[in-house]
Amino acid sequence: MRRESRLFHPARLIGLALLWLVAGAVQAEQVEHVGRYRIHYSAVNTSFLTPEVAAAYDIQRSKRTALLNVSVLEVQPDGSTQPVAATVEGRVGNLANQSQPLSFRTVREGESIYQLAVFPIQRGEPMRFTLDVYYDRNQAPAEVAFIQRFFID
């Protein structure tokens, strides 16, 4: 029996494709540093996902919905990072403080762990995100807030 390379495992390729797609769609790195933890986050319109990636994660592609991806890494003493099984709660809304809760689900692929939430978007309207990221049960959650505008072609 032939062993598959860990790098080319189909699930890993799908995960890497999703991360690459999400990371490539944002203009700057979106990360919060909290002590020895890094909270990475990005939001993209789901129409940017390939049909294969959307199907693999059970995400409906649409110009009117977006995907928020949150992951937490713990920096180790040697400088390497280790994924953290974090929990994320949050809301998304407009600048007039009309908001709705985000429903996150955990995706695990090999050593990678992501928190994903899908939400509706409005054409060109800035959207405000407020997140509580529970990364360490002995610490209060990290608060992450950002504003992003989505464009619908």
Side-chain angles (χ1 to χ4, degrees), residues 4-94 98-122 127-150:
E4 290 182 272
S5 165
R6 291 184 72 193
L7 179 62
F8 295 107
H9 189 274
R12 182 165 298 280
L13 286 177
I14 291 171
L16 290 174
L18 178 64
L19 281 178
W20 175 81
L21 197 61
V22 170
V26 294
Q27 294 180 352
E29 180 181 21
Q30 294 178 297
V31 62
E32 293 283 333
H33 297 270
V34 181
R36 66 181 192 273
Y37 295 89
R38 293 186 201 157
I39 302 168
H40 294 264
Y41 57 94
S42 60
V44 296
N45 190 306
T46 59
S47 64
F48 291 143
L49 300 174
T50 65
E52 295 80 15
V53 168
Y57 290 94
D58 195 27
I59 297 170
Q60 183 174 355
R61 297 174 70 233
S62 170
K63 292 180 180 181
R64 301 219 177 266
T65 60
L67 170 69
L68 176 60
N69 179 354
V70 179
S71 63
V72 179
L73 299 173
E74 181 180 12
V75 179
Q76 302 299 304
D78 66 0
S80 65
T81 58
Q82 182 71 31
V84 174
T87 302
V88 181
E89 296 175 357
R91 299 186 70 80
V92 61
N94 59 25
Q98 298 168 321
S99 67
Q100 64 185 35
L102 291 164
S103 178
F104 285 91
R105 64 185 166 105
T106 302
V107 174
R108 294 175 183 263
E109 287 184 340
E111 294 181 14
S112 301
I113 306 170
Y114 320 105
Q115 299 295 321
L116 303 179
V118 177
F119 56 93
I121 57 176
Q122 299 293 322
M127 301 187 77
R128 181 187 315 262
F129 296 83
T130 55
L131 308 174
D132 287 326
V133 181
Y134 297 85
Y135 59 94
D136 181 336
R137 64 180 173 201
N138 297 317
Q139 300 290 327
E143 296 178 5
V144 175
F146 64 99
I147 296 173
Q148 184 169 326
R149 184 181 308 253
F150 295 89

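Note that the coordinates shown come from a computational prediction; the quantities given were computed from them, not determined experimentally.
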If you round to the nearest 0.5 Å, how far is [atom2] of [Y] from [atom1] of [X]?
X    : Y    : atom1 : atom2 : result
R64  : I121 : CZ    : CD1   : 8.0 Å
L73  : S112 : CG    : OG    : 8.5 Å
Y41  : I39  : OH    : CD1   : 9.5 Å
T130 : E89  : OG1   : CD    : 11.0 Å
I147 : R128 : CD1   : CZ    : 4.5 Å
D136 : R36  : CG    : CZ    : 6.5 Å

Task: Over 12 foreign heavy atoms within 6.0 Å of CZ, R105 - done: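 Count over threshold, so yes.
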Task: CD (Q60) with more than 12 external heavy atoms under 6.0 Å - done: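 At most 12 heavy atoms, drawn from other residues, nucleotides or ligands, come within 6.0 Å of this atom.
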Task: Sequence-distant partners of Y135, ring-ring contact (aromatic ring centres under 6.0 Å, His included), two or more places apart - done: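 Partners of Y135 by the ring-ring contact (aromatic ring centres under 6.0 Å, His included) criterion, ordered by chain and then number, come out as Y37.
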Can you give me every donor-acceptor pair (side chain of residues 75-85, partner residue at least two apart or in another chain, under 3.5 Å) with its distance?
residue, atom, partner, partner atom, Å
Q76, NE2, E74, O, 3.3
D78, OD1, S80, N, 2.9
D78, OD1, S80, OG, 2.6

Closest contact, heavy atoms only, [X] versus [Y]:
X    : Y    : result
Y57  : V107 : CE2-CG1, 3.4 Å
R91  : S99  : NE-OG, 2.8 Å
L131 : G90  : CD2-CA, 4.0 Å
S47  : R61  : O-NH2, 3.0 Å

Would you say [X]'s side chain and [Y]'s backbone share a donor-acceptor pair under 3.5 angstrom?
X   : Y   : value
T46 : L67 : no
N45 : K63 : yes
R38 : H33 : no

Open item on the list: Would you say that T87 contacts Q115 through its side chain, given a criterion of any heavy-atom pair below 4.5 Å between the two side chains?
Closed with: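 With C-beta onward as the side chain, the pair stays apart.
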Task: Verdict with supporting geometry, F129 and F119, ring-ring contact (aromatic ring centres under 6.0 Å, His included) - done: CA-CA 11 Å; F129 296 83; F119 56 93; 5.3 Å; yes
Task: Working for side-chain contact (heavy atoms from CB on, under 4.5 Å), residues N94 and M127 - done: CA-CA 5 Å; N94 59 25; M127 301 187 77; over 6 Å; no
